[in-house]
Amino acid sequence: MDSSPEEFDAVVIGAGFAGLYMCHKLRDHLGLRVAVLEAEDGVGGTWRLNRYPGARCDIESFVYCYSFSRELYEEWEWTSKYPAQEEILRYLEHVADRFDLRRSIRLGTRVTSAEFDGDQWRVTTAAGAHLRARFLITGVGLLASAPFRPDFPGLETFAGRWCHTGAWPREGMELEDLAGKRVGVIGTGSSGVQTIPVIAEVAEHLTVFQRTPQYAIPAQHHTIGPDELRRLRHSYDEVWEQAHSSLGGFPCDPIPRSVLDDTPEQRTAEFERLWQRGGLHFVLATYQDLLFDIRANQHAADFARDKIAERVRDPRMLELLLPPKDLPIGAKRPIIETGYFETYDRDNVALIDIRADPIVEVTPTGIRTENDHHDLDVIVLATGFDAVTGPLLRLNISGRDGVALSEQWAQGPASYLGLAISGFPNLFTITGPGSTFGNIPVVAEHHIDWISDLIGHMLDTGYARVEATPEAQQEWTATMARLAAKSLIPLADSWSTGANIPGKPRTVLFYLGAYSTYRKRCDAIAAEGYRGFVFER
Ligand code: NA7
């Protein structure tokens with residue numbers, strides 16, 4: 001029986017960084033009736049699900065947070081340069097409490113479909129509940145709700161435990177549970193590179209199955225002492241002024257010239273400075289053409305390869321760990337590491353090059369490759385995510401005239417600003433495909449402010465519905481393609497091009513201009529009365 005739906009002004013899907021702040025804005029600033037639906041049994045999104053040993057953000061804590069409340073910023077005490085998963089989760093729990101958001105959040109509530117009925121959105125949950133709302137806003141993140149588990153034959157026959165890094169079990173897979181076990185890790189992206197050194201410390205034996213060796217840049221991680229904490233907590237104005245006018249949503253000073261303008265000595269000095277600074281700075285706070293000119297990129301890639309070579313003693317291991325010459329550095333999302341390369345000098349660690357010796361099947365006792373059988377008690381899939389579109393398509397959204405989003409995006413996604421989709425009135429996608437790439441909490445916060453302003457404008461002017469025009473969407477998609485064609489990003493098979501998922505349309509999923517430029521464009525569009533949108537009463 002179809003029970004009558006509960007009525008709201010807005011339904012928000014997801015209670016991570018995006019959903020929490022969206023709730024606060026819509027409910028506490030605009031006075032709307034809001035329901036936040038969260039599939040998991042707690043808030044936190046990405047930071048609830050990615051509980052694998054060693055999980056840590058690779059953006060610095062002082063800017064991997066909200067800026068909307070100066071008090072929140074100044075009262076929170078980050079303990080280290082790069083916050084650990086449990087610390088970020090604690091922060092988000094604190095935000096939910098501090099802004100009294102929990103009363104608007106329904107945990108354990110998975111959305112199974114959302115349909116536009118010509119007037120409102122009708123949302124159905126796994127438990128069969130229905131909600132109706134004028135606005136539907138997705139805050140499902142780029143990755144977390146769509147882990148990618150490759151179809152390894154025989155995985156279901158494995159007698160030990162296996163799991164994905166992005167869906168880490170609550171019980172029986174803590175680090176101490178892995179002590180003395182024979183563990184296999186498949187995948188050496190950011191997740192694999194974080195967990196491998198930590199698991200190697202406790203496992204009896206660790207076998208890493210690597211498909212593509214990657215450039216990994218040292219985090220130069222450290223704990224935050226009282227003086228640094230005091231300085232950071234009092235730098236609110238400076239930090240956010242810089243973050244909002246930056247390339248990637250975090251303060252950085254790019255080098256305003258080409259790699260090729262400098263002498264070899266100057267280049268090496270600059271690369272060394274950025275390497276010592278640690279993290280994403282090497283790729284993002286760098287020469288302006290590093291991600292756009294293959295000759296410029298080659299200099300940075302050679303520098304990084306030399307750095308890897310300095311850290312691996314065994315020449316046979318080093319050969320396996322050096323990224324291929326035809327992979328530009330930064331074309332895949334940069335990987336940030338701590339102690340990763342030294343791990344391969346340990347006696348209890350083996351590295352299998354699965355391009356040379358591919359995985360054939362999982363057996364009850366381990367993994368069979370073409371040339372060998374690897375006995376294992378635990379298998380960790382660090383195999384990534386069906387990124388950006390995956391989390392949205394899983395919601396089974398259909399818009400005007402019952403057109404399914406999956407149908408509309410069959411050849412690849414198209415949106416306006418990454419925030420709205422033609423044919424899907426009053427649907428807003430925080431960090432959707434086509435939005436800018438960067439420090440996600442900062443990008444999401446901007447999206448949320450912008451969406452709230454648009455909804456506020458509708459409330460003030462009496463409009464019932466808003467929708468991106470097909471022309472605006474086409475123009476935005478063309479702008480994205482033009483920027484992507486100038487950059488080196490499409491050269492890598494990575495999640496940001498969809499190339500990591502068999503059969504997924506290959507297209508750059510982000511607007512590759514600077515975050516600051518994206519912000520300005522969004523603001524200009526709003527100032528021009530929301531150019532590219534049509535409103536209905
Ligand atoms: P990534 O970066 O997508 O990495 C996935 C890894 O898994 C990568 O090494 C892949 O190799 C490997 N992979 C994927 N599919 C397979 C199959 N079928 N067989 C063997 N190996 C495979 O995901 P992460 O979780 O590490 O990081 C995602 C983001 O989270 C990261 O970029 C940060 O933004 C935070 P490949 O390189 O494709 O050859």
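Counting convention: from 1, in listed order, for ligands and their atoms alike. Just so you know, these numbers use all the heavy atoms, side chains as well, and skip hydrogens, waters and symmetry mates.
Looking at Asp58 against ligand 1, nothing comes within 4.0 Å, counting heavy atoms.
Considering Trp495, Phe437, Phe209, Tyr52 only, the shortest heavy-atom separation from atom 28 (C) of ligand 1 involves Trp495. Of the candidates Lys332, Arg355, Arg333, the one placing a heavy atom closest to atom 37 (O) of ligand 1 is Lys332. In the candidate list Leu327, Leu143, Ile336, Thr46, Leu143 is nearest to atom 35 (C) of ligand 1, counting heavy atoms. Relative to atom 4 (O) of ligand 1, the option among Gly189, Cys57, Ser496 with the closest non-hydrogen atom is Gly189.
Nearest protein heavy-atom contact of atom 23 (O) of ligand 1 is Gly384 CA, 3.2 Å. Remark: minimum distance from atom 33 (C) of ligand 1 to any protein heavy atom is reached at Ser190 OG, 3.7 Å. Protein heavy atom nearest atom 10 (C) of ligand 1, with residue, atom name and distance: Arg211 NH2, 4.2 Å. Atom 19 (N) of ligand 1 has as its closest protein heavy atom Phe152 CZ, 3.6 Å. Nearest to atom 39 (O) of ligand 1 among the protein's heavy atoms is Thr212 OG1, 2.4 Å.
Between Asp493 and ligand 1, not a single N/O pair is under 3.5 Å apart. Note: an N/O pair closer than 3.5 Å links Thr188 and ligand 1 by distance alone. Looking at Ser191 next to ligand 1, an N or O pair under 3.5 Å apart turns up. For ligand 1, the polar-atom distance check finds no N/O of Thr165 at less than 3.5 Å from any of the ligand's N/O atoms. Below 3.5 Å of separation, one finds an N or O of Ala382 facing an N or O of ligand 1.
Each of Phe17, Tyr73, Trp240 was scored for a ring-ring contact (aromatic ring centres under 6.0 Å, His included) with Tyr66, with one residue passing: Phe17.
Checked by atom type, the side-chain pair Arg182/His374 shows no donor-acceptor distance below 3.5 Å.
Residues Glu342 and Arg311 are in side-chain contact: their nearest non-hydrogen atoms beyond the backbone lie under 4.5 Å apart.
In this structure, Phe148 has its ring center at least 6.0 angstrom away from the ring center of Phe385. Aromatic pair Phe292/Tyr287: centroids not less than 6.0 angstrom apart. For Tyr21 and His447, the gap between ring centers reaches or exceeds 6.0 Å. For Tyr64 and Trp78, the distance between ring centers is not under 6.0 angstrom.
Atoms of ligand 1 lying under 4.0 Å from at least one heavy atom of Ile354, given by number and element, are 20 (C). The contact set between ligand 1 and Ile186, taken as ligand atoms under 4.0 Å from a residue heavy atom, comprises 20 (C), 21 (N). Within the listing of ligand 1, atoms 25 (O) sit less than 4.0 angstrom from a heavy atom of Phe385. The distance from ligand 1 to the heavy atoms of Phe148 drops below 4.0 Å at these ligand atoms: 15 (N). Heavy-atom proximity to Gly187, at under 4.0 Å, picks out these atoms of ligand 1: 6 (C), 7 (O), 9 (O), 12 (C). For ligand 1, the atoms closer than 4.0 angstrom to any heavy atom of Gln214 are 9 (O), 37 (O).
Contact check on Arg110 versus Glu40 returns a salt bridge, with a Lys/Arg side-chain nitrogen under 4.0 Å from an Asp/Glu carboxylate oxygen. Ion pairing of Arg506 with Asp493 is present here, as a side-chain N (NZ or NE/NH1/NH2) and a carboxylate O approach within less than 4.0 Å. One finds no salt bridge joining Asp386 and Arg149 here, because no Lys/Arg side-chain nitrogen approaches an Asp/Glu carboxylate oxygen to under 4.0 Å. Salt-bridge check for Glu93 with Arg48: passed, with a basic side-chain N closer than 4.0 Å to an acidic carboxylate O. Salt bridge Arg519/Asp449: absent, no basic N to carboxylate O contact under 4.0 Å.
Contact between Gln194 and ligand 1 is absent, with no heavy atom of the residue lying under 4.0 Å from the ligand.
Although no hydrogens or angles enter the test, the distance criterion places a donor-acceptor pair under 3.5 Å between the side chain of Thr429 and the main chain of Gly418.
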